[in-house]
Amino acid sequence: MPRLHAIKRRLLVGAALALVAGIAMSVGLGRALYVEQSKSIDRQFRADIDQLSARFEREVLLNLEVLYALKVAVGVLPEMTSARFTSLTRPILDRWSAIQAFAWAPLIDQARLAEFNHRQAKEFQDFSVTEVRADDFVPVKDRDWYVPVQFIEPLLENRAALGFDLASEPSRLTALLKAKESGEMVATAGIRLVQEPGNQKGFLVFAPLYKKTPGSSPGAEANDHYGFINGVFRVGELVEQAVGDALTKDFLFQIHDRTENQELLLYSSGDPDDSRWAPGRRYSSPLIAIAGRQWVVEAVPSRAFIQARRGVLPLFVGAAGSVLVCLVVGYFTLGAKKNAELSAAKAELERISLTDSLTGLANRRHFDAALTREYRRAVRERSTLSLIMIDIDYFKEFNDDYGHPAGDACLVKVAETLAAVFRRPGDLVARYGGEEFAVVLPDTPDASDIAETCRQAIWARAVTHRLSKVADVITISLGVAALAPDRPATPDELVDRADIALYEAKESGRNRVCFAPLSNEAGRNPR
């Protein structure tokens, strides 16, 4: 009997330990699945918000393009009148609901203020240039210059704004000065719009206008500045146009202005203080550049949103036992491993397809795509684009003397040295073929100095070359060409010009930089 009791006791203890261990394992695995499921919900939520953010950004930029097009149209008019302004802006306002108003505001110095008031009063009764003090419109104080609203559409809803000096308000003045000095469209911080519900905001965008003075020197446009065309945009309407079909009560969607470390809420789809939100899961998308300001989309899911996407698997695993848990975990682990392997293989294939296997630089395919992309951007934005073609001097003799393994090592050293010269994210250093390299330099009017830096860097690397006819170390010859806004050329013509300059550098003694003038004829390969 004592022996039987001892056996039963041991069986009970073993069973209890096994039960505890099994329950602990099941609960632990169930908890792990619960955590992983939470991460998956977060990843999907963030991906959805990133997509909505991209749609919103496209909508804003599309509306800004409307203002830019209006600026271009206004720039060719000899003189702005009320009738012309109405005929230009009214069709746009009828079709673009996110644009609340357009305004025309010339730059007026103090000496012309009285004459300006008198002329405008003939068309608009009781017109005067005003500013706001104590929430009331009053005559402006004496200043060197003013930017009064001369015309505005729709006039009926914005009659009170006629004559308002935009330069009298600090935030508008900051944007005006930045636009005047940069020549680019500049947005203000968010402003309260009476047409918008709750705390929704709008913003103004100022587009500077310049006279085209014959014979004026480059960079002198700011001296010929004569006014602004500006638009007032509704953030709420922009959101509605871009992502209104995707907004639900399941998550809070917000737009924040975070320019210069400021924090301003421009739009909120709901009450941020509502208890149904899960603030610990707040997500901020990457910053969006909007006319000189930095915006960000933030979203917070509701607890119901998260709960609705939770499955019963964690609960099932926790109750089913250790064997079932192991099977389920094994299944998901295998699936995750396969997905990771597929993702890694895809990333590696993409890297291989765009990278030179020897030097690690961009390959010819990557170079061609980048040059075409930057060319289109330069033409669209009327910016500059430079190209450097580089050839290692007497590389065939180097290979014959030292052997191909040493030649490959030399190519790697040259590639490393060239890559170290260029630090801007948009610059691209590529292996063009054989011992030839190419560099694409956006927003660079003349890359001759940079090319000279490359030449000196290779010289300083001091890779011995006994058979070189230039020096006892490896040297390079460089050809430079540029695309200017007023002298367009195709990508192929830009490559041909750089190739001609490279040919000139080699023919004139090598180990030097030559620049191909824009007047050079392209279309032949000199080598």
Side-chain angles (χ1 to χ4, degrees), residues 67-68 70-89 100-155 157-188 191 203-214 216 219-232 291-292:
L67 177 60
Y68 181 81
L70 181 61
K71 170 192 172 182
V72 173
V74 168
V76 301
L77 294 176
E79 181 182 0
M80 181 56 67
T81 65
S82 177
R84 285 174 180 168
F85 189 74
T86 299
S87 66
L88 279 173
T89 58
Q100 178 184 331
F102 284 120
W104 165 272
L107 187 68
I108 304 295
D109 58 35
Q110 189 179 46
R112 295 189 297 140
L113 181 62
E115 187 272 335
F116 177 78
N117 275 328
H118 179 71
R119 187 175 69 251
Q120 287 299 110
K122 294 179 180 179
E123 183 172 358
F124 302 105
Q125 187 177 5
D126 299 327
F127 179 94
S128 66
V129 178
T130 60
E131 61 184 50
V132 174
R133 288 199 299 270
D135 295 329
D136 193 16
F137 288 96
V138 298
V140 291
K141 296 179 179 179
D142 288 340
R143 287 191 291 275
D144 292 338
W145 52 273
Y146 311 88
V147 185
V149 175
Q150 185 177 11
F151 306 119
I152 190 167
E153 282 293 336
L155 179 61
E157 294 88 338
N158 299 279
R159 181 64 176 80
L162 271 179
F164 175 66
D165 179 21
L166 299 173
S168 66
E169 195 274 321
S171 64
R172 289 177 173 84
L173 177 59
T174 299
L176 286 169
L177 291 175
K178 187 175 180 181
K180 180 178 181 294
E181 293 169 1
S182 68
E184 303 292 336
M185 295 194 302
V186 176
T188 66
I191 58 174
F203 62 100
L204 277 68
V205 179
F206 296 108
L209 299 167
Y210 303 91
K211 295 178 182 177
K212 303 300 181 181
T213 305
S216 61
E221 291 85 355
N223 296 326
D224 299 323
H225 175 259
Y226 68 93
F228 298 88
I229 183 81
N230 68 280
V232 183

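Just so you know, these numbers come straight off a predicted model, no measurement behind them. By convention here, the first residue in the shown sequence is residue 1.
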**Study point:** Where S128 and N117 come nearest, the two heavy atoms and their spacing
**Key:** CA-OD1, 3.2 Å

Point to revise | Under the side chain to side chain contact (heavy atoms under 4.5 Å, CB included) test, residues paired with R143 that sit two or more places apart | key: E131, V140, K141, Y146, D165, S168

Exercise for review: Applying side chain to side chain contact (heavy atoms under 4.5 Å, CB included), name anything that partners S82, two or more places apart in sequence or on another chain.
Suggested key: T86, E123, F124, F151

Review point. Distance from L88 atom CG to L70 atom CG, nearest 0.5 Å?
Key: 6.0 Å

Check your understanding: Hey, does F206 have a side-chain heavy atom less than 4.5 Å from the side chain of V147?
Key -> no

Point to revise | Nearest heavy-atom neighbours spanning W145 and A167 | key: CZ3-CB, 3.8 Å

**Study point:** Heavy-atom side-chain contact between N230 and L166 under 4.5 Å
**Key:** yes

Output side-chain donor-acceptor pairs under 3.5 Å for residues 101-109, partner residues at least two apart or in another chain, one line each.
unit_1 : atom_1 : unit_2 : atom_2 : d
W104   : NE1    : Q150   : OE1    : 3.0
D109   : OD1    : A111   : N      : 3.3
D109   : OD1    : R112   : N      : 3.0

Review point. Considering only heavy atoms from C-beta outward, does the side chain of F127 approach that of R119 to under 4.5 Å?
Key: no

Review point. Just one of E181, H225, K178, E184 clears the side-chain contact (heavy atoms from CB on, under 4.5 Å) bar with P208, so which one?
Key: H225

**Study point:** From CD (E157) to CD (Q100), nearest 0.5 Å
**Key:** 8.5 Å

Check your understanding: In Å and rounded to the nearest 0.5 Å, what is the OG1 to CD1 distance from T89 to I229?
Key -> 7.5 Å

Review point. Is the number of heavy atoms from other residues, nucleotides or ligands within 6.0 Å of CD (E115) greater than 12?
Key: yes

Exercise for review: Please check if any side-chain donor atom of E169 sits under 3.5 Å from a side-chain acceptor atom of S171, or the reverse.
Suggested key: yes

Check your understanding: Which distance, rounded to the nearest 0.5 Å, do you find between the CD of E153 and the CZ of F85?
Key -> 6.5 Å

